[in-house]
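Inspection log for the structure reproduced underneath, given as structure tokens.
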There are 2 protein chains.
Amino acid sequence: MVKKILVVDDEERLVSLVKAYLEQEGYRVATAQDGKEALIAARAEKPDLIILDIMMPEMDGYEFMRLHRRDQNTPIILLTAKVDEDDKVVGLELGADDYVTKPFRPRELLARIRAVLRRSGETEPTAEILHHADITLDRESHNVKVGESFVNLTPSEFDLLAVLMSSPGRVFSRLDLLDHIQGVAYGGYERTIDVHIKNLRSKIEPDPRSPRYIETIYGVGYRFSRE
Amino acid sequence: MVKKILVVDDEERLVSLVKAYLEQEGYRVATAQDGKEALIAARAEKPDLIILDIMMPEMDGYEFMRLHRRDQNTPIILLTAKVDEDDKVVGLELGADDYVTKPFRPRELLARIRAVLRRSGETEPTAEILHHADITLDRESHNVKVGESFVNLTPSEFDLLAVLMSSPGRVFSRLDLLDHIQGVAYGGYERTIDVHIKNLRSKIEPDPRSPRYIETIYGVGYRFSRE
DNA sequence: AAGTGTCTTCATAATATCTTTATAATCTTC
DNA sequence: GAAGATTATAAAGATATTATGAAGACACTT
């Protein structure tokens with residue numbers, strides 16, 4: 001059963017990034033820009049989890065939670081810009097299940113989503129195993145196997161490979177890739193990706209000089225071989 | 001995974017005896033002195049089984065069951081001082097899974113606990129004895145053997161090792177691990193795991209500086225060696 | 001109430017990773 | 001095949017994460 005997640009934030013860019021990321025991970029995603037919209041969406045969509053920004057115009061996160069909790073018990077993960085402990089306390093008292101401070105890396109949010117869903121008795125979501133060519137990537141156990149041997153990847157390398165393998169044949173620009181491995185709303189430098197790719201290749205390619213799995217598309221980006 | 005049991009009774013001495021006994025048997029134990037406390041604990045700790053005294057001040061066992069069963073379905077074993085058949089009937093009608101009359105022998109309680117947990121459809125066909133590399137962990141007797149010698153682990157260390165050994169090669173995040181060793185999900189601080197791991201390593205690793213059993217996966221968590 | 005053992009928190013040292021920088025190699029276009 | 005642009009690579013510097021020791025909090029015993 002695919003889990004549905006409602007993302008509520010007034011920053012459009014953040015919402016669409018998170019949406020894209022979660023959808024790629026196999027979740028269904030609904031979105032709302034403010035508390036009022038969110039209440040309607042929560043009722044209509046019946047999400048399994050809500051990701052909620054505290055600071056929003058009109059109706060803030062706390063207010064939303066108060067109203068929402070009156071008739072539903074959906075797990076909630078709070079997003080907060082502040083590192084303020086008070087926020088955490090107030091949020092958790094109001095019944096939030098966890099909270100994540102901005103800026104955050106997608107992988108961190110994902111980890112917390114999984115933990116909350118698992119805690120609330122829900123079964124694990126979609127198949128977490130990607131398999132193409134003779135590379136196997138298991139998101140859940142965080143293992144990567146090339147042929148018969150396991151390789152150890154750094155977090156960035158792992159995420160990069162996961163994104164590329166999620167759509168073999170599709171070309172991802174460096175900016176696309178940067179969004180996945182860096183915090184949402186980080187100003188990153190595209191060339192960083194080149195280095196990660198180089199390191200990744202050195203770990204998974206038989207001959208990094210003429211890559212078989214991760215191909216370079218000149219002037220555009222990288223893609224995982226369609227085979 | 002280690003089962004958690006909530007013991008509810010107003011007699012302190014009885015509670016601590018049962019707690020000690022069950023912990024020795026490898027269960028995790030939470031306690032409460034009256035119905036109100038118990039309701040809170042039941043929600044926070046999400047026990048796999050509740051052992052409940054019927055006669056308590058404030059809120060008695062029946063009342064607790066009524067309230068608790070409104071939103072959860074934890075198996076319940078009733079403790080009763082009377083040998084009154086009525087109690088049995090009322091209790092079972094309210095949905096108790098078994099009952100034990102005081103005074104009782106620990107072994108008897110234990111037998112019923114096992115029976116109820118087994119009956120309540122709880123999965124747990126998992127082996128009670130985990131054996132990997134040259135570490136043996138016995139959930140039932142709560143013993144851990146490294147090579148030929150037994151080591152004494154604290155409850156947290158035992159749980160941690162049990163979880164890691166349940167899936168060698170699988171990486172567990174600190175959040176995952178925290179959920180296993182702590183009752184309340186969000187009370188904790190992830191770094192606590194680091195310390196438990198350090199202590200665990202000092203007890204089981206020949207050379208804690210370069211761990212052979214428990215490996216660190218930078219940026220992700222820990223795993224038991226795939227070998 | 002003191003004592004033991006465990007768990008948690010905190011501060012700091014040790015590591016691993018990530019990013020940047022500079023230069024070499026490669027590709028595209030003309 | 002040459003010029004200009006893009007990518008690969010190595011190495012240094014900056015960041016982030018983990019390991020560790022020690023102090024304090026907590027729970028249970030005596």
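We name chains A, B, ... by the order of the sequence lines, and we start the count at 1 in each one.
- Here A:R209 does not reach the OP1 or OP2 of C:dA25: none of its side-chain N or O atoms lies under 4.0 Å away.
- Between B:H196 and C:dT8, a side-chain N or O to OP1/OP2 separation shorter than 4.0 Å is present.
- In this structure, a donor-acceptor pair under 3.5 Å is absent between the side chains of B:R226 and A:S141.
- Not one side-chain nitrogen or oxygen of A:Q182 sits closer than 4.0 Å to the OP1 or OP2 atom of C:dC18.
- Where B:G219 and A:P211 each meet DNA chain D at their nearest nucleotide, the meeting point lying more 5' is that of A:P211.
- Taking only side-chain atoms of B:T192, from C-beta outward, the nucleotide of D:dT7, C:dT17, C:dT9 with the closest atom is C:dT9.
- Going from atom OH of B:Y189 over to atom P of C:dC10 covers 7 Å, rounded to whole Å.
- Using bins of under 30°, 30° to 60° and over 60° for the plane-to-plane angle, the ring pair B:F224/B:H132 lands in the tilted bin.
- Dashed line: the shortest gap from a side-chain N or O of A:R105 to OP1 or OP2 of D:dT17 is under 4.0 Å.
- B:R174 places its CZ atom 12 Å from the C1' atom of D:dA16, with the value rounded to the nearest Å.
- If you measure from atom CD1 of A:I193 to atom C1' of C:dC18, you get 11 Å, rounded to the nearest angstrom.
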Point to revise | B:H142 vs B:L153, side chain to side chain contact (heavy atoms under 4.5 Å, CB included): CA-CA, chis, key distance, verdict | key: CA-CA 9 Å; B:H142 215 253; B:L153 301 184; over 6 Å; no
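- At whole-Å resolution of the value, CG in A:D194 and C1' in C:dA22 are 14 Å apart.
- At the phosphate of C:dC18, OP1 or OP2 sits under 4.0 Å from a side-chain N or O atom of A:T154.
- When each of B:V195 and A:V195 is assigned the nucleotide of DNA chain D with its nearest heavy atom, A:V195 is the one assigned upstream, toward the 5' end.
- Side-chain proximity of B:P155 to D:dT20, C:dC7, D:dT18: nearest is C:dC7.
- Phosphate proximity of D:dA19 to B:T216: present, with a side-chain N or O under 4.0 Å from OP1 or OP2.
- The phosphate of D:dT7 (OP1 or OP2) has a side-chain N or O of A:R191 nearer than 4.0 angstrom.
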